[in-house]
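Just follow the structure's listing: the first ligand is 1, and inside any ligand the first atom is 1.
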Amino acid sequence: MNIISKQPNTGTTIFTVMSKLAADYGALNLSQGFPSFNCSPKLTELVNFYLQKGMNQYAPMAGIQPLREIIAQKNQELYGVSYNPDTEVTVVSGATEALYAALTAIVHQGDEVILLEPNYDSYAPVITLNGGTPVYVTLTPENSYQIDWQIVKSKITERTKAIMLNTPHNPTGTVLSKEDLNQLAEIVRDTNIFLISDEVYEHIIFDGNEHWSLCRHPALRERTFICGSFGKTFHVTGWKVGYCLAPKLLTDEFRKVHQWLTFSVVTPIQYAFADFLKEPDNYLSIPDFYETKRNKFLDCIKSSRFTYTPAQGSFFQCVNYQKITEENDYDLAVRLTKEIGVATIPVSVFYHQKNDYKTLRFCFAKDDETLEKAGEKLCRL
Ligand code: PMP
Ligand code: GLN
């Protein structure tokens, strides 16, 4: 048999590679982004309750009504921006599906999509699978990964279909400001460019920073697909439940992809989230919880030779290792896993040309003991 591949990317991610390497070598796994601790017992009790109650058949295509309503209500309360739960909120199988469906809804053969790299690994393969071309704006640690919006503007052509944003940002831990939103609005004004905003770390934000969801700017709201995930917020990355908020016109197209991709999302878990979200403390407590984790990790590596700027959000901390070795970041990540017993992600994998800024990404969503043990090993380098 012969198959002509539609997808130039490999389909294997660094996250699974490093997690496997960590397991093979018995290393502490600070690579792939997932918590080492369990979710709230209240949440598992709720899932159990709805499983036993028999909520085990197909949910409606857009998601169960109570969940769509509480998502809309939460967005209204937090950001003062309303979405119609019937026509503008869709529950999907994780943010990965939201990103896929949003891109597939809008990208046609020959379209360009602007990516700010380093960027999460799923964006580019979906663009190319749809016949589009990623156009990159490169952010660097020398510049604290700040976005020069004039450079973004210079990449816009008549083929530009969308710009993808991610705040809080994986892997760099940076966040967009209100001023970033204003500048973005300025450059897309008078264009037909869509925005896809990956906000899965919306509640993992520190030091009093506010989450500037793109929906908070009225002109941006009208052209944006907001992609969210309960996996990050509630320590359940394996449940794969997320959602997309978008104006009706965009949601109509989004749902045409979702209908034929997964159609509907795991029912008992949707009911559990609908109840769990009724108690705001369940998500309002998350920034403090993760800020404490970040501080714990930074404390554990404070006598190491790594240099870093504390992450403003996400559950990742990037560090520069130039004072330790000249190795490239990929080789170092493999060696640290095999020889030192700590697995990390080399940040070059988030650049399309694998730029090596001697930077590693650590996931600090780990129990304190794991962070302490990792810190001890890292401080010996
Ligand atoms: N976007 C970013 C920036 C992520 O870090 C992740 C998850 N790891 C996702 C999207 C995917 O989220 P989900 O697991 O809900 O599909
Ligand atoms: N988002 C997670 C990370 O950045 C990984 C998810 C995945 O394995 N694809 O580590």
Side-chain angles (χ1 to χ4, degrees), residues 9-23 29-36 39 63 67 71 90-103 115-127 139 145 164-176 195-205 211 213-214 225-245 258 261-262 265-266 269-270 273 290 311-318 333 337 343-351 359-366:
N9 292 276
T10 63
T12 307
T13 77
I14 184 74
F15 310 118
T16 45
V17 168
M18 291 309 294
S19 276
K20 179 165 186 314
L21 200 66
N29 189 2
L30 275 62
S31 64
Q32 193 172 22
F34 63 87
S36 70
C39 63
L67 182 55
I71 291 170
T90 312
V91 179
V92 292
S93 298
T96 308
E97 193 202 336
L99 293 160
Y100 185 95
L103 280 166
L115 299 185
L116 310 181
E117 62 175 359
N119 65 272
Y120 186 56
D121 66 346
S122 83
Y123 309 163
V126 183
I127 295 165
L139 311 180
Y145 301 106
M164 301 202 60
L165 289 311
N166 172 210
T167 185
H169 190 266
N170 177 9
T172 66
T174 55
V175 298
L176 292 182
L195 302 169
I196 298 178
S197 187
D198 181 342
E199 302 186 9
V200 300
Y201 299 105
E202 130 192 54
H203 295 293
I204 310 184
I205 187 158
H211 175 57
S213 172
L214 261 61
F225 297 87
I226 309 262
C227 302
S229 176
F230 296 123
K232 316 290 167 181
T233 306
F234 297 128
H235 320 316
V236 286
T237 59
W239 290 5
K240 298 298 296 182
V241 179
Y243 55 90
C244 177
L245 308 177
H258 168 64
L261 181 60
T262 56
V265 175
V266 57
I269 291 183
Q270 289 196 56
F273 281 135
Y290 271 118
Q312 296 170 294
S314 83
F315 48 42
F316 303 113
Q317 176 66 50
C318 287
T337 310
T344 70
I345 298 292
V347 171
S348 60
V349 301
F350 297 92
Y351 288 94
T359 305
L360 296 174
R361 186 197 82 173
F362 290 92
C363 173
F364 53 76
K366 306 294 163 187

Of the side chain and backbone of Asn170, name the one, both, or neither that has a heavy atom under 4.0 Å from an atom of ligand 2.
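It is the side chain that gets close, since no backbone atom is under 4.0 Å.
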Short version for Arg361: what comes under 4.0 Å of ligand 2, heavy atoms counted, is side chain
For Ala343, is there any backbone N or O sitting under 3.5 Å from a side-chain donor or acceptor partner on Asn29?
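Here the side-chain-to-backbone pair does not exist.
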Suppose I only count heavy atoms of Lys232 and a 4.0 Å limit; which atoms of ligand 2 are within that range?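 Going through ligand 2 atom by atom, the ones under 4.0 Å from Lys232 are 1 (N).
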- Message: Could you work out, for atom 1 (N) of ligand 2, the closest of Phe15, Tyr120, Phe34 by heavy-atom distance?
- Response: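 Shortest heavy-atom distance from atom 1 (N) of ligand 2: Tyr120.
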Applying ring-ring contact (aromatic ring centres under 6.0 Å, His included) to Phe273 and not counting sequence neighbours gives Phe230, Phe234, Trp239
**Q.** Those residues that, when tested against Tyr100, pass ring-ring contact (aromatic ring centres under 6.0 Å, His included) (two or more places apart)
**A.**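 For Tyr100 there are no ring-ring contact (aromatic ring centres under 6.0 Å, His included) partners, ignoring immediate neighbours.
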Checking Tyr290, Phe316, Tyr120 against Tyr201 for ring-ring contact (aromatic ring centres under 6.0 Å, His included), the one that qualifies is Phe316
The protein heavy atom nearest to atom 2 (C) of ligand 2 is Gly33 N, 3.9 Å
Task: Taking atom 8 (O) of ligand 2 as the reference point, the nearest protein heavy atom with its distance - done: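 The closest heavy atom on the protein side is Gln32 NE2, 2.7 Å.
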Self-check item: side-chain contact (heavy atoms from CB on, under 4.5 Å) evaluation trace for Val175 with Ile205
Solution: CA-CA 8 Å; Val175 298; Ile205 187 158; 3.9 Å; yes
- Set of side chain to side chain contact (heavy atoms under 4.5 Å, CB included) partners for Ala95, sequence neighbours left out: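 Ala95: side chain to side chain contact (heavy atoms under 4.5 Å, CB included) contacts with Val200, Ser229.
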Exercise. Which word best sums up how the rings of Phe350 and Phe15 line up, parallel for under 30°, tilted for 30 to 60°, or perpendicular for over 60°?
Worked result: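 Ring orientation, 0 to 90° scale: tilted.
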Exercise. Report all protein residues having a heavy-atom distance below 4.0 Å to some atom of ligand 1; order the list by chain, then number.
Key: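 Shell around ligand 1 (4.0 Å, heavy atoms): Gly94, Ala95, Thr96, Leu99, Tyr120, Asn166, Asn170, Asp198, Val200, Tyr201, Ser229, Lys232, Lys240.
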side-chain contact (heavy atoms from CB on, under 4.5 Å) for His258 and Val265? Distances and angles first, verdict last.
CA-CA 10 Å; His258 168 64; Val265 175; 4.2 Å; yes
With a 4.5 Å limit on heavy-atom distance, are the side chains of Val92 and Thr262 in contact?
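Not in contact.
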